[in-house]
Amino acid sequence: QVQLVESGGGLVQAGGSLRLSCAASGRTFSNYVMGWFRQAPGKEREFLAAIMRDGSRTYYADPVKGRFTISRDNAKNTVYLQMNSLKPEDAAIYYCAASNFLTPTSTPTNFGSWGQGTQVTVSS
């Protein structure tokens with residue numbers, strides 16, 4: 001288990017960009033596959049992206065592929081989500097999560113640790 005804290009959310013105009021950060025506790029950060037999810041009011045939690053323990057492989061959901069980029073800095077115990085070309089429908093609470101799986105996974109139940117979330121609002 002690892003403790004996670006997201007930051008970087010806020011208000012941005014459509015077409016703009018935001019960079020979310022997720023800081024993890026402890027020296028075991030590199031043992032976890034990391035993922036980003038989001039949840040809008042009345043919607044199910046949606047998988048966005050995942051990254052291998054050493055950052056060598058990534059996986060993206062089709063709706064964000066080409067617009068969002070996941071990365072990690074294991075020396076800083078931090079995972080990032082760069083979001084470009086934001087749309088009003090991207091507005092949601094964004095969560096980072098950690099999994100003990102050896103390869104990227106998109107299933108929420110495979111992630112055992114979750115951050116508190118950070119709000120992203122996109123104006124027209």
Side-chain angles (χ1 to χ4, degrees):
Q1 186 170 291
V2 60
Q3 293 183 323
L4 307 171
V5 179
E6 303 96 334
S7 63
L11 174 65
V12 64
Q13 291 187 348
S17 298
L18 281 175
R19 188 193 193 198
L20 306 183
S21 298
C22 176
S25 64
R27 71 168 70 91
T28 61
F29 176 71
S30 62
N31 292 343
Y32 297 92
V33 167
M34 298 297 298
W36 284 96
F37 296 77
R38 68 186 179 191
Q39 188 165 23
K43 303 290 184 64
E44 295 183 355
R45 188 160 297 189
E46 177 187 12
F47 168 79
L48 300 175
I51 187 167
M52 191 65 181
R53 295 181 298 168
D54 62 358
S56 62
R57 287 184 290 160
T58 57
Y59 178 80
Y60 296 94
D62 287 342
V64 304
K65 187 172 179 62
R67 297 193 298 128
F68 292 9
T69 302
I70 188 172
S71 62
R72 69 191 298 163
D73 185 343
N74 288 346
K76 300 290 187 182
N77 279 12
T78 303
V79 63
Y80 305 94
L81 185 68
Q82 177 67 45
M83 305 186 296
N84 298 327
S85 301
L86 284 163
K87 307 172 182 179
E89 51 263 43
D90 291 321
I93 300 176
Y94 283 69
Y95 300 89
C96 67
S99 172
N100 291 126
F101 279 39
L102 297 179
T103 56
T105 177
S106 62
T107 305
T109 55
N110 290 338
F111 290 81
S113 299
W114 295 81
Q116 84 289 347
T118 185
Q119 179 72 53
V120 172
T121 303
V122 185
S123 62
S124 303

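Keep in mind it's a predicted model, so treat the numbers as computed, not measured. What you see below is based on every heavy atom in this structure, not just the backbone, and it leaves out hydrogens, waters and symmetry mates.
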- Task: First locate atom CD1 of I51, then atom SG of C96, and finally report the distance between them rounded to the nearest 0.5 Å.
- Result: 12.5 Å
- For G8 and L18, the nearest pair of non-hydrogen atoms, with its separation, is O-CD2, 3.9 Å
- Item | hydrophobic_cluster_shared for F47 and M52, side chain cutoff 4.5 Å | no
- Measure across N110 and S99 and return the closest heavy-atom pair with its distance rounded to 0.1 Å. O-OG, 2.9 Å
- Message: What I'd like to find out is whether the side chain of S123 reaches to under 4.5 Å of the side chain of Q13, using heavy atoms alone.
- Response: yes
- Item | Connected via hydrophobic side-chain network under 4.5 Å: V33 and V2 | no
- Message: Quick check against the 3.5 Å criterion: does E6 have a side-chain atom that pairs as donor or acceptor with the backbone of G117?
- Response: yes
- Task: List the atom of P108, the atom of W114, and the distance in Å for their closest heavy-atom pair.
- Result: O-CZ2, 3.5 Å
- If you look at every heavy atom in T78 and K76, which pair is closest and at what distance? OG1-O, 2.9 Å
- Item | Y94 OH to C22 SG distance, which is reported to the nearest 0.5 Å | 15.0 Å
- Query: What is the distance from atom CZ of R45 to atom OG1 of T109, rounded to the nearest 0.5 Å?
  - Reply: 12.0 Å
- Same hydrophobic cluster for V79 and Y32, using side-chain heavy-atom links shorter than 4.5 Å among ILVMFWY? yes
- Residues, nucleotides or ligands: over 12 heavy atoms within 6.0 Å of Q116 CD: yes
- Message: Strictly distance-based, threshold 3.5 Å: is any side-chain N or O of R72 a donor or acceptor partner for the main-chain N or O of G55?
- Response: no
- Please answer: with hydrophobic residues joined when any side-chain heavy atoms are less than 4.5 Å apart, are V12 and V64 in the same cluster? yes
- Item | Worked verdict on L4 versus M34 for side chain to side chain contact (heavy atoms under 4.5 Å, CB included) | CA-CA 10 Å; L4 307 171; M34 298 297 298; 3.9 Å; yes
- Message: Rounded to the nearest 0.5 Å, what separates atom OG in S30 from atom CG in D73?
- Response: 11.5 Å
- Q3 CD: over 12 foreign heavy atoms closer than 6.0 Å: no
- Message: Hydrophobic clustering (ILVMFWY, side-chain heavy atoms < 4.5 Å, transitive) - are V122 and L48 grouped together?
- Response: yes
- Message: As a test of understanding, state which of L81, D90, T118, L20 forms a side-chain contact (heavy atoms from CB on, under 4.5 Å) with R38.
- Response: D90
- Query: Should R19 and Y80 count as side-chain neighbours, where that means a heavy-atom distance under 4.5 Å?
  - Reply: yes
- Task: Give a yes or no on whether E89 atom CD has more than 12 heavy-atom contacts from other residues, nucleotides or ligands under 6.0 Å away.
- Result: yes
- side chain to side chain contact (heavy atoms under 4.5 Å, CB included) between Q39 and Y95, intermediate numbers included: CA-CA 8 Å; Q39 188 165 23; Y95 300 89; 4.3 Å; yes
- In short, S17 meets Q82 closest at the heavy-atom pair CB-NE2, 3.9 Å
- Report the C-alpha separation of W36 and F68 in whole Å, then their side-chain angles, then the decisive distance to 0.1 Å, and conclude whether the ring pair (Phe, Tyr, Trp, His ring centres under 6.0 Å) test is met. CA-CA 10 Å; W36 284 96; F68 292 9; 9.8 Å; no
- Query: Quick one: CE on M83 to NZ on K87, what's the gap to the nearest 0.5 Å?
  - Reply: 13.5 Å
- Query: At their closest point, which heavy atom of G35 faces which heavy atom of F111, and how far apart are they?
  - Reply: N-CE2, 3.6 Å
